[in-house]
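As structure tokens, the structure follows; a few thoughts come after it.
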Number of protein chains: 6
Amino acid sequence: MATGHSRPDPAKPRIARTMGKARIFTEAMPFIKEYRGSTVVIKYGGSAMVDETLRSTFADDVAMLHLVGIKPIIVHGGGPHISKAMARQGLEPTWVDGLRVTDEATMSVVQSTLAGEINPDIVRLVNAHGSVAAGVNGLDANLFVADQLDERLGFVGSVREVNPTLVSNLVGQGYVPVVAPLARGVDGHPYNLNADTAAAALAAALGATKLVYLTDVEGLYRTLGDEDSLISKITVAGLEELVESGAVSDGMLPKLRSCAEAMRSGVTMAHILDGRVQHALLLEIFTPEGIGTMVVGEGA
Amino acid sequence: MATGHSRPDPAKPRIARTMGKARIFTEAMPFIKEYRGSTVVIKYGGSAMVDETLRSTFADDVAMLHLVGIKPIIVHGGGPHISKAMARQGLEPTWVDGLRVTDEATMSVVQSTLAGEINPDIVRLVNAHGSVAAGVNGLDANLFVADQLDERLGFVGSVREVNPTLVSNLVGQGYVPVVAPLARGVDGHPYNLNADTAAAALAAALGATKLVYLTDVEGLYRTLGDEDSLISKITVAGLEELVESGAVSDGMLPKLRSCAEAMRSGVTMAHILDGRVQHALLLEIFTPEGIGTMVVGEGA
Amino acid sequence: MATGHSRPDPAKPRIARTMGKARIFTEAMPFIKEYRGSTVVIKYGGSAMVDETLRSTFADDVAMLHLVGIKPIIVHGGGPHISKAMARQGLEPTWVDGLRVTDEATMSVVQSTLAGEINPDIVRLVNAHGSVAAGVNGLDANLFVADQLDERLGFVGSVREVNPTLVSNLVGQGYVPVVAPLARGVDGHPYNLNADTAAAALAAALGATKLVYLTDVEGLYRTLGDEDSLISKITVAGLEELVESGAVSDGMLPKLRSCAEAMRSGVTMAHILDGRVQHALLLEIFTPEGIGTMVVGEGA
Amino acid sequence: MATGHSRPDPAKPRIARTMGKARIFTEAMPFIKEYRGSTVVIKYGGSAMVDETLRSTFADDVAMLHLVGIKPIIVHGGGPHISKAMARQGLEPTWVDGLRVTDEATMSVVQSTLAGEINPDIVRLVNAHGSVAAGVNGLDANLFVADQLDERLGFVGSVREVNPTLVSNLVGQGYVPVVAPLARGVDGHPYNLNADTAAAALAAALGATKLVYLTDVEGLYRTLGDEDSLISKITVAGLEELVESGAVSDGMLPKLRSCAEAMRSGVTMAHILDGRVQHALLLEIFTPEGIGTMVVGEGA
Amino acid sequence: MATGHSRPDPAKPRIARTMGKARIFTEAMPFIKEYRGSTVVIKYGGSAMVDETLRSTFADDVAMLHLVGIKPIIVHGGGPHISKAMARQGLEPTWVDGLRVTDEATMSVVQSTLAGEINPDIVRLVNAHGSVAAGVNGLDANLFVADQLDERLGFVGSVREVNPTLVSNLVGQGYVPVVAPLARGVDGHPYNLNADTAAAALAAALGATKLVYLTDVEGLYRTLGDEDSLISKITVAGLEELVESGAVSDGMLPKLRSCAEAMRSGVTMAHILDGRVQHALLLEIFTPEGIGTMVVGEGA
Amino acid sequence: MATGHSRPDPAKPRIARTMGKARIFTEAMPFIKEYRGSTVVIKYGGSAMVDETLRSTFADDVAMLHLVGIKPIIVHGGGPHISKAMARQGLEPTWVDGLRVTDEATMSVVQSTLAGEINPDIVRLVNAHGSVAAGVNGLDANLFVADQLDERLGFVGSVREVNPTLVSNLVGQGYVPVVAPLARGVDGHPYNLNADTAAAALAAALGATKLVYLTDVEGLYRTLGDEDSLISKITVAGLEELVESGAVSDGMLPKLRSCAEAMRSGVTMAHILDGRVQHALLLEIFTPEGIGTMVVGEGA
């Protein structure tokens with residue numbers, strides 16, 4: 001429609017700059033609209049958990065998601081911290097098939113490191129960036145109940161049962177739950193869970209919309225070692241093929257297996273992100289181009 | 001904290017670009033946080049109501065505000081449309097002190113133009129941009145009850161009573177109300193209201209947080225005619241002084257008087273924006289620099 | 001039971017008169033009991049919409065229904081007003097198969113007449129008689145979404161989708177919705193709907209108990225033109241037969257077809273009433289004899 | 001407004017008759033509107049409780065009030081029934097100052113007559129006329145707690161405390177409570193209450209809008225014995241004067257005193273009606289002329 | 001675990017005594033846990049209803065159950081009281097097949113005794129022991145609707161329909177309902193119900209967890225007359241066999257038949273207790289050994 | 001009252017034993033009644049936290065309180081565990097005025113011991129005894145915000161602010177919160193709180209009814225060292241006098257001071273109990289004699 005009004009000149013720098021900002025907001029609109037009210041379970045680990053700048057931008061991202069009505073839940077790991085704490089106490093880690101053997105003394109270190117060191121630190125971090133976090137560990141309200149995974153590994157659990165009410169109540173009250181991957185064994189003893197697995201099981205039990213892994217790689221590659229083969233989007237069936245094909249590094253395998261299982265149990269979408277990029281979370285969720293690998297259901 | 005991880009290089013263009021986006025989101029965070037859940041009454045008029053591009057970006061902005069939890073209410077005017085419709089019917093407008101004399105025939109045109117032409121058009125516009133609008137006119141549920149402003153003007157009303165329940169119910173159900181400034185006269189007859197005044201009265205009755213005027217000027221000027229004297233922020237007392245001082249154009253006077261009155265009745269903040277700038281609404285509310293004149297309470 | 005009390009003499013005129021009143025109330029009781037809490041969609045048109053006395057008694061009836069807990073919804077037409085408004089603007093109506101061809105200019109007149117002239121007038125009328133009405137048109141909250149009925153007719157719609165939440169919310173809050181039969185086309189353009197059809201579609205979407213047509217005839221006749229063959233009660237199957245038989249005037253056909261369809265979709269009962277009788281609505285619903293033709297389901 | 005439509009002829013008998021009906025409904029409208037949602041406590045006794053026709057029209061009236069949204073509560077007496085039951089058991093009533101001396105044996109008859117004979121009968125009566133009644137006696141949920149009124153009278157109580165929650169819950173669930181005027185003494189023993197007093201105390205405790213006495217007189221008279229001096233409307237102050245003046249029969253005194261007290265405690269209006277007139281209740285509440293004496297607050 | 005703390009000596013009498021108390025509480029824990037929130041219908045009669053000490057300990061038990069979150073409902077009989085009241089009025093009872101013939105005069109005594117004598121007495125009893133009771137009879141809100149059981153018996157009913165809403169509402173509001181086994185006949189007349197049957201029908205209609213009969217025997221015996229054959233636990237099938245076998249006294253038959261029927265309709269468990277033992281109710285429900293006969297479903 | 005029924009013989013051992021049980025339940029009734037729905041904050045520490053039998057009976061008591069509708073909240077300390085953990089890591093504790101100097105390294109041990117070792121252990125303990133516990137530390141949802149108590153002590157906090165919403169929400173959802181006495185410093189750093197003080201501050205913030213200290217002494221003594229001077233009941237003023245008098249051991253002082261302060265802030269009652277007695281909690285709350293020292297308000 002033609003109008004006779006003299007319009008402010010969009011070539012002026014101030015007008016141009018602000019219009020640029022507006023474009024980014026409106027670009028994010030469909031994503032905010034789609035995910036508002038959704039539950040997003042974030043496996044938090046790697047560099048994003050140790051580098052001070054990345055910790056800070058991660059907490060900003062969580063606060064931003066929370067603000068626009070998305071419900072973030074953080075599940076953290078803590079392997080390197082546990083190894084350090086064991087060293088401090090003169091305990092020598094031993095491994096079976098790449099998994100840490102967890103005897104009574106080790107389990108005690110695992111528990112105090114996850115629930116007593118890392119978890120409160122993340123709670124403080126989130127609280128300092130504008131949301132209100134509440135720490136939870138898998139023993140609280142019997143969140144995770146575990147069987148023993150393998151006799152040789154001791155107190156390493158496989159998830160038998162998830163009781164997510166405590167976590168969903170916290171979410172409903174506006175808190176950001178921060179979850180340490182401990183479990184109550186069916187024998188009453190505390191058990192250690194793999195954090196990737198725990199995150200996936202929690203996401204499935206909550207019927208989460210998204211499951212996000214913050215890792216120290218750019219995403220998945222079609223061909224291991226070929227940076228140009230980064231996969232931007234893959235179906236869960238494609239993911240399962242990739243896992244079968246052997247084109248996945250050993251460290252990635254449990255992550256991808258639990259991810260596929262969670263999606264088979266009702267989680268809508270998963271993301272494998274490079275946690276070394278500042279604001280990785282926000283960029284993946286709020287920009288059309290994304291930054292990592294997105295796993296979607298068959299029909300999507 | 002030093003980490004041995006190789007970080008992705010922020011100098012790479014893709015990384016740099018996405019980081020820029022993230023910065024804009026986080027810059028908006030404190031504003032989203034502050035205004036989430038707030039009611040914002042927007043007087044919609046001028047170029048923003050006639051230019052197709054501006055109409056479209058305005059509707060985007062309303063949708064974006066709505067998405068992040070702000071509650072927008074649109075009050076529209078329609079002077080130029082009314083004049084055109086009168087012309088189409090061969091009616092000659094007459095004026096007293098700059099106000100349109102509204103006899104029976106004119107009132108009939110006013111009503112059918114506001115409630116039957118402009119209001120449904122804005123409803124369609126908003127509905128096409130992702131929110132769900134519901135049109136309301138001041139007769140519905142006796143939203144506005146009016147006295148006669150001046151015998152010489154006929155059916156021109158001054159607001160006597162506002163019954164905002166219908167509007168606040170619509171807001172509570174997630175609709176964007178679009179309000180035509182008609183009123184039920186105490187004599188039962190329909191009356192015409194000044195849209196600026198109606199918007200201010202509604203904002204006051206709802207206890208709105210913000211009252212926004214989309215105009216065809218950049219904002220208020222300290223010195224009339226001096227573009228460099230644009231006022232970025234002013235207190236309501238300052239605004240009242242400015243009105244008294246005579247440094248305000250005649251067209252602006254009713255807007256500023258009703259604005260000051262609304263703030264004296266509990267509205268927290270008012271904005272006079274240049275509706276000719278695309279996304280004026282979003283930029284004023286979500287960026288630290290803003291783009292127009294903000295009126296704040298004494299202590300702010 | 002014999003009692004020794006001296007009873008007031010029912011032959012005294014004052015006692016007799018008041019007892020007569022009481023009899024009428026108690027006669028109405030079973031109907032009030034049956035329909036309390038029910039939704040009644042009333043197609044309002046014809047003489048009842050133009051004669052001042054009938055308008056007033058109609059508004060009284062709506063208020064009375066509302067008072068005793070029935071939920072009235074008014075859907076109005078406006079053919080004669082539209083023709084007059086077109087004439088005022090020098091537009092010549094053209095017709096195809098008895099339906100008004102609605103080009104862009106005509107649609108503009110239709111919209112401003114229905115939503116800007118008739119609808120607010122009915123709202124004012126109801127508000128003046130003790131209920132609180134809220135005007136709605138089919139564009140609000142996408143109440144009616146339409147396909148094009150016939151290319152030759154332009155912006156004449158057939159109902160594709162009804163989103164009755166806005167209307168049922170208004171009812172739930174104690175308002176009387178007054179609905180103008182506009183629709184949002186799937187192409188985004190406003191469309192005109194036949195008011196009889198719109199009323200029937202809304203009744204079906206709301207699961208209304210009753211659908212009432214106020215017309216300018218006494219009801220349905222078994223034999224067209226024979227006043228003594230007025231039908232007091234007919235099943236929906238009987239109605240469909242009547243329609244097939246040709247014993248129905250052309251003007252009645254769309255009314256009866258949409259009526260039958262609404263009943264097939266769950267509306268319990270329909271009434272075709274003579275809107276020229278004062279209080280037709282009240283008398284049909286609250287007296288055992290009724291005044292028009294009642295259409296009931298198979299088993300009733 | 002002139003319309004060309006041929007109107008049905010209102011001189012035809014059928015049309016005339018139905019219009020008469022409609023007039024009576026619309027005449028009742030303002031009263032229904034005013035009292036909808038109000039609580040009305042009805043002291044039920046005298047002929048209206050023993051004559052079969054009056055019992056039936058009373059139950060119809062209660063059902064009609066209930067239907068249009070008024071909340072009736074029935075408090076009944078039972079003096080004559082108690083005297084008969086005592087006679088059946090060979091108990092001789094004795095009196096002090098016109099009040100029945102209630103020893104242990106008499107109290108037992110009082111309780112079984114009120115709670116076991118009259119109360120269930122009224123419940124059945126109301127249930128047979130379309131509402132759902134629930135019997136309550138003053139011992140239930142400690143509805144009435146009593147002190148001894150006078151040592152010489154034995155188990156005759158004066159109301160010390162009313163716990164109306166049980167009754168208001170029943171009302172809230174749509175039942176019509178039927179209340180027998182028993183009380184729990186502070187000594188734990190059952191006590192007998194005067195039904196007029198109990199009704200007034202319950203009305204006050206519930207904040208009822210109306211307190212209605214069904215009696216065997218036409219109403220109050222300005223001059224005792226002069227039928228033409230029937231009072232149609234009196235203020236509570238006027239009522240108190242009348243009581244002081246001695247122009248009130250002894251039987252009326254406790255009724256009027258408790259009535260004045262209830263109105264001083266917040267009941268809006270009281271009515272003294274002739275229960276010997278069929279539909280007395282309905283006619284008093286729904287017709288402008290009423291049939292008895294209405295007591296109003298000072299300013300009304 | 002060894003601790004250096006000097007422990008208080010558990011052999012000291014005070015410590016020993018208090019520890020004994022604690023053991024009893026903890027022994028009750030699993031039962032409280034299991035039945036908290038459950039509805040328990042108690043048929044109250046026999047000695048427990050006439051002996052003052054047993055009445056008092058019964059009321060204590062009801063209060064204790066109520067306190068820990070169990071929902072007791074009391075259904076009482078009244079045969080001996082009715083016989084006494086008939087005698088007082090010179091009425092001679094007649095019997096057919098062991099059932100009282102209930103003519104009009106007898107029914108009147110039954111009603112006033114159950115609803116006017118026994119029911120209010122139990123209400124007062126419970127109210128004096130810390131809970132708040134509300135009396136109900138089967139006519140209230142049409143709780144029980146009855147057919148005539150046998151023409152020869154007159155107004156003796158068999159349960160045709162149970163409308164338990166009034167009772168479940170009272171429970172939901174924290175009252176203890178006390179129910180008199182009257183019924184509204186389908187002919188509108190009051191009817192007398194067998195209290196055992198009424199209790200069972202109410203338990204079934206409410207989906208109660210437990211149905212408890214307080215009787216004047218120790219429980220069920222495998223061999224009639226052999227005290228050592230007291231049955232502690234039996235399945236409903238076993239109960240039905242026992243009834244068929246003839247090893248049950250005539251007085252017990254209707255109780256056991258209605259009990260079996262209630263369990264077939266969803267009641268989980270029934271108890272036949274010796275109401276002559278103080279606190280029989282509490283001991284049966286809160287101690288592992290119990291004191292009477294428990295009837296359980298097949299699989300329990 | 002004489003009854004003809006043959007009563008079971010209360011001298012029989014089985015009857016005697018069960019009656020004894022019943023007596024204990026009914027003795028507890030008034031206490032259950034009084035405290036049902038009340039919040040009880042329990043400072044858990046000393047022998048009751050380390051001896052296996054006492055841990056188990058403590059958890060039973062918590063479950064029993066919970067079952068009967070009392071809302072227990074556990075606040076634990078952990079001095080000895082912290083000292084042991086410091087020793088394991090070769091850290092030498094230093095003390096100022098009897099308080100542990102808490103530098104960065106010590107604080108890290110404090111946090112991982114309280115939140116990572118003791119808290120999850122208590123959660124598991126409670127979960128194994130029939131309630132569902134949820135661990136919380138003072139950083140979660142900013143439960144405790146602290147100032148530095150004394151520069152010389154490092155990260156030892158004094159409570160500045162309590163945000164009890166998270167805890168009261170958990171209680172409202174039926175969980176037993178187990179609280180570790182950490183705090184967020186106003187500087188963002190984690191701080192250590194004295195557990196007695198934290199329990200008192202939380203009780204005050206929640207408006208708890210009771211504050212219970214489980215200690216390793218029998219209670220308060222009038223004369224220090226004289227076992228016969230054990231105080232059974234004392235007013236808060238009496239307690240304050242006792243504190244001033246010097247008759248209190250140094251270890252008790254902070255406990256008693258925070259206790260007095262909590263009662264001045266609205267806590268109704270405090271108890272100082274001997275946690276070395278099995279079921280100390282249950283016995284104090286549910287028996288008339290109690291076992292420790294009860295502190296009551298002035299008027300109690």
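A note on names: the letters A, B, ... follow the listed sequences, proteins ahead of strands, and every chain is numbered from 1. All heavy atoms count here, side chains included; hydrogens, waters and symmetry mates do not.
- Looking at B:Gln111, both its backbone and its side chain come within 4.5 Å of chain C, counting heavy atoms on both sides.
- Rounding to the nearest 0.5 angstrom, the gap separating the CG atom in B:Asp121 from the OG atom in C:Ser112 is 10.5 Å.
- Summarising the geometry, atom CG belonging to C:Leu182 is positioned 10.0 Å from atom CZ belonging to B:Arg124; distances are rounded to the nearest 0.5 Å.
- For a residue to count as touching a neighbouring chain, one of its non-hydrogen atoms must lie under 4.5 Å from one of that chain's; by this rule B:Leu170 touches chain C with the side chain only.
- Residues meeting the side chain to side chain contact (heavy atoms under 4.5 Å, CB included) test with B:Val132, sequence neighbours left out: B:Asn127, B:Tyr175, C:Ala141.
- In this structure, the portions of C:Thr165 lying under 4.5 Å from any heavy atom of chain B include both its backbone and its side chain.
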Distance-only criterion, 3.5 Å: show the donor-acceptor pairs between side-chain atoms of residues 78-95 of chain B and protein atoms not counting sequence neighbours.
| unit_1 | atom_1 | unit_2 | atom_2 | d |
| --- | --- | --- | --- | --- |
| B:Ser83 | OG | B:Gly79 | O | 3.3 |
| B:Ser83 | OG | B:Arg100 | NH1 | 3.3 |
| B:Ser83 | OG | B:Arg100 | NH2 | 3.4 |

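- Residues meeting the side chain to side chain contact (heavy atoms under 4.5 Å, CB included) test with B:Asn194, sequence neighbours left out: B:Asp196, B:Thr197.
- The contact between B:Arg184 and chain C is made entirely by side chain atoms (from C-beta outward), counting heavy-atom distances below 4.5 Å.
- Note on C:Gly116, C:Ser131, C:Ala128, C:Pro190: by heavy-atom pairs under 4.5 Å with chain B, the leading option is C:Gly116.
- For the pair C:Pro120 and B:Ala115, the tightest heavy-atom approach, listed with the atom from each and the gap, is CG-CB, 4.3 Å.
- Interface residues of residues 133-140 of chain C toward chain B, defined by a heavy-atom distance below 4.5 Å and sorted by number: C:Ala133, C:Ala134, C:Gly135, C:Asn137, C:Leu139, C:Asp140.
- Chain B forms the most heavy-atom pairs under 4.5 Å with one residue out of C:Val178, C:Asn169, C:Val123, and that residue is C:Asn169.
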